[in-house]
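Inspection log for the structure reproduced underneath, given as structure tokens.
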Amino acid sequence: MSPLVHQIVVALGMGLIGAIVFSGIGLISGTDETTTIAPLTLLVALLGVPPAGVFTFFMAGAVAKHMTHSIPTALLGIPGDTMAAPLLQQATMLRALGVPHIALRKMTSGAIIAAFVAVPLAVLFAVLLAPFGGAIAKAAPWVFLAAAIGIAYFSAGRLASVLLLIPFVLLIVGLQALTGTYGVKLSVSYFLGIAIGPLIADLFAVLSPVERRRMRREHRSTFSLAPDVKGWKGYFPNPFRVLDRQQAGWTMATAAVSSATFVFSPVAMTVVMGEVVGARIKHAYQRLTTVIAARNGVTEATYIAEALIPLIAFGLPLSPVAAGPAAPLFNAPPRFFVDASTGHVNNLHTLMSSWEFLGYGLLSVLLAALIAYPLAMNYAHRAASIVARKLSHEAIIATFAGLIVVISVWEGQLLGLAVILTVGLFGGLLSRMFAFNTGVQFMGYYVAVLSVPALVKLF
């Protein structure tokens, strides 16, 4: 078997695994992308999977998750993940009208169309920005500092997030100095601590009698599952027939705009693009169905663009998605890294060409479409019922917690686990209290390892 054929086979297999795994995870309401996609992608990278396989696993998983997250959002009225939260208003209104199945179809069809639009456009924009990549890589410490401040200011925390960067960065620097005295150099543990920070904060809250009383509920949670209505023949409905011409047009247009941006919050882009579309449609029902299709398309397009553009053009995680869920594509020591002292990059940016990103990106979207799209369109009711009735959220949490413990002990023994608990608890509490989200925290980590040493040298 030639190296190219072997690479394609590995990419196909890993993309298929990513699509299947995250199609299932997308069914579980409230699962955060950073908490789920990032650790599993990191595990794939550390297992030595070839770069193309790591890339297709991430891409297919992200695209698939943003298709199936429409199932709990539309049918149960619970956001499937963070990116589904801006879709809840339209989904709730359509549930009240008695057509949640319509909301589901529009959301899922908007996602698949937008994904196929976003990949080639994001690669194109990345290639146009690539000539500036060398200068940006040399100026990496200052670029990360400026990007961290900008992303923090435009996050939900605004000025509070900007100011909270100072204690958070100091915490990372202090922990690095502490572990360095014992000859232990950590990087993955910081990343994982940030990724599961809200989870660690919740676990500590459960241990507190005061917080446990506050979190206690008198009655079990109940849900109403909408009926299953199918309006087509066959297994794979045509998304351009599910959406009318106006809806498809707005979905493609908003996806194209989102594909050109990579520094803004994905949630903010989803909200803004939805408002732009909604302001131009007068009929109430048409406005609801068009906005929900376009917004779910934007969730796909922003994730794709914010991962691909920094990865292809710079090799530096200069976006909220690149610094969060997609961070293992940039920094997964000892395989992938950005050297703090020289700005030298050794990650998928240097290991794959632009044509490979385009080809494997489209392959990832195709695999996600073949797995997640028919699942969401044909088996949404059955899948939502199984997840709501049979699946234990505690089991999912325990699975990811166990994975985190294994990786942290592998990297730094008990010090690695201690760093994860410290960073996770501090970051999780800041996220809950001040909306100091994980994307901003990841940028704070890069400021600590890149910008702080440069500032020390300067002064």
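The analysis underlying the following values was restricted to heavy atoms, covering all of them including side chains, and did not include hydrogens, waters or symmetry mates. As the structure is a computational prediction, the values presented were derived from the model and not from experiment.
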Measure across Ala126 and Ile312 and return the closest heavy-atom pair with its distance rounded to 0.1 Å.
CB-CB, 3.6 Å
Check: Val49 and Met14 side chains under 4.5 Å, non-hydrogen atoms
yes
Rounding to 0.5 Å, atoms CG (Leu311) and CE (Met352) come to a distance of 8.0 Å
If you compare all heavy atoms of Gly61 against all heavy atoms of Phe22, which two are closest, and at what distance to 0.1 Å?
O-CB, 3.2 Å
4.5 Å side-chain heavy-atom contact, Trp142 and Leu455
yes
Rounded to the nearest 0.5 Å, how far does NZ of Lys106 lie from CD of Gln90?
14.0 Å
Measure the shortest side-chain to side-chain distance between Ile200 and Ile420 over non-hydrogen atoms and say whether it is less than 4.5 angstrom.
yes
Heavy-atom side-chain contact between Tyr303 and Pro325 under 4.5 Å
yes
Between Thr56 (side chain) and Ala11 (backbone), is there a donor-acceptor pair under 3.5 Å?
yes
Could you grab the distance from atom CD1 of Ile194 to atom OG of Ser189, nearest 0.5 Å is fine?
11.0 Å
When rounded to the nearest 0.5 angstrom, what distance separates CD1 in Ile304 from NE2 in His66?
9.5 Å
Donor-acceptor contact present, side-chain His69 to main-chain Gly26, <3.5 Å:
no
Nearest 0.5 Å, what's the CG-OG1 distance between Asn296 and Thr254?
10.5 Å
Please check if the distance between the ring centroids of Tyr445 and Tyr190 is under 6.0 Å.
yes
Can you confirm whether Leu12 sits close enough to Leu16 that some side-chain heavy atom of one is under 4.5 Å from a side-chain heavy atom of the other?
no
On a heavy-atom basis, the closest approach of Ala103 and Ile292 is CB-CD1, 4.0 Å
Check: Ser258 side chain, Ala301 main-chain N or O, donor-acceptor pair, under 3.5 Å:
no
Checking His349 side chain against Val345 main chain: does a donor-acceptor pair fall under 3.5 Å?
no
Of all heavy-atom pairs linking Val440 and Ala152, the shortest is CG1-CB, 3.6 Å
Quick one: do Val117 and Leu121 satisfy side chain to side chain contact (heavy atoms under 4.5 Å, CB included)? Show the steps, please.
CA-CA 7 Å; Val117 170; Leu121 286 181; 3.7 Å; yes
Run the numbers on Thr108 and Ile71 for side chain to side chain contact (heavy atoms under 4.5 Å, CB included), then give the verdict.
CA-CA 9 Å; Thr108 312; Ile71 295 175; 6.0 Å; no
When rounded to the nearest 0.5 Å, the distance separating CD1 of Ile25 from OG1 of Thr36 is 5.5 Å
Begin from the C-alpha positions of Thr422 and Phe426 and carry the test side chain to side chain contact (heavy atoms under 4.5 Å, CB included) through to its verdict.
CA-CA 6 Å; Thr422 304; Phe426 188 64; 5.6 Å; no
When you measure from the side chain of Asn347 to the backbone of Phe330, do you find a donor-acceptor pair of N or O atoms at a distance under 3.5 Å?
yes
For the residue pair Pro51 and Leu351, what are the closest heavy atoms and their distance?
CG-CD1, 3.8 Å
Whether Lys65 and Glu300 form a salt bridge (side-chain N of Lys/Arg under 4.0 Å from carboxylate O of Asp/Glu) is what I want to check.
no
Whether Arg212 side chain and Val206 backbone form a donor-acceptor pair below 3.5 Å:
yes
Do Leu165 and Val447 have side chains that get closer than 4.5 Å, going by heavy atoms?
no
Any donor and acceptor pair, going by atom type alone, linking the side chain of Ser431 with main-chain N or O of Gly427 inside 3.5 Å?
no
Passing candidate, side-chain contact (heavy atoms from CB on, under 4.5 Å) with Met273, options Val298, Thr251, Thr302
Val298
So does Ala45 get a backbone contact from the side chain of Arg335, meaning a donor-acceptor N/O pair under 3.5 Å?
yes
So Ser364 and Phe57, do their side chains get closer than 4.5 Å, heavy atoms only?
no
Donor-acceptor pair, Ser70 side chain versus Met67 backbone, under 3.5 Å?
yes
Take atom CG of Leu207 as the centre, draw a 6.0 Å sphere, and report whether it contains more than 12 heavy atoms from other residues, nucleotides or ligands.
yes
Is there a donor-acceptor contact under 3.5 Å from the side chain of Ser208 to the main chain of Ala205?
no
Test Phe55 against every option in Tyr360, Phe357, Phe336 by the ring-ring contact (aromatic ring centres under 6.0 Å, His included) rule and name the one that passes.
Phe357
Just so I know, are the side chains of Gln441 and Val423 near enough to count as touching, which here means a heavy-atom distance under 4.5 Å?
no
Before you tell me yes or no, could you show the steps for Val169 and Val173 under side chain to side chain contact (heavy atoms under 4.5 Å, CB included), namely the whole-Å CA-CA distance, both residues' side-chain angles and the distance that decides it to 0.1 Å?
CA-CA 6 Å; Val169 169; Val173 172; 4.2 Å; yes
For Phe132 and Leu128, which heavy atoms make the closest approach, and how far apart are they?
CE1-O, 4.0 Å
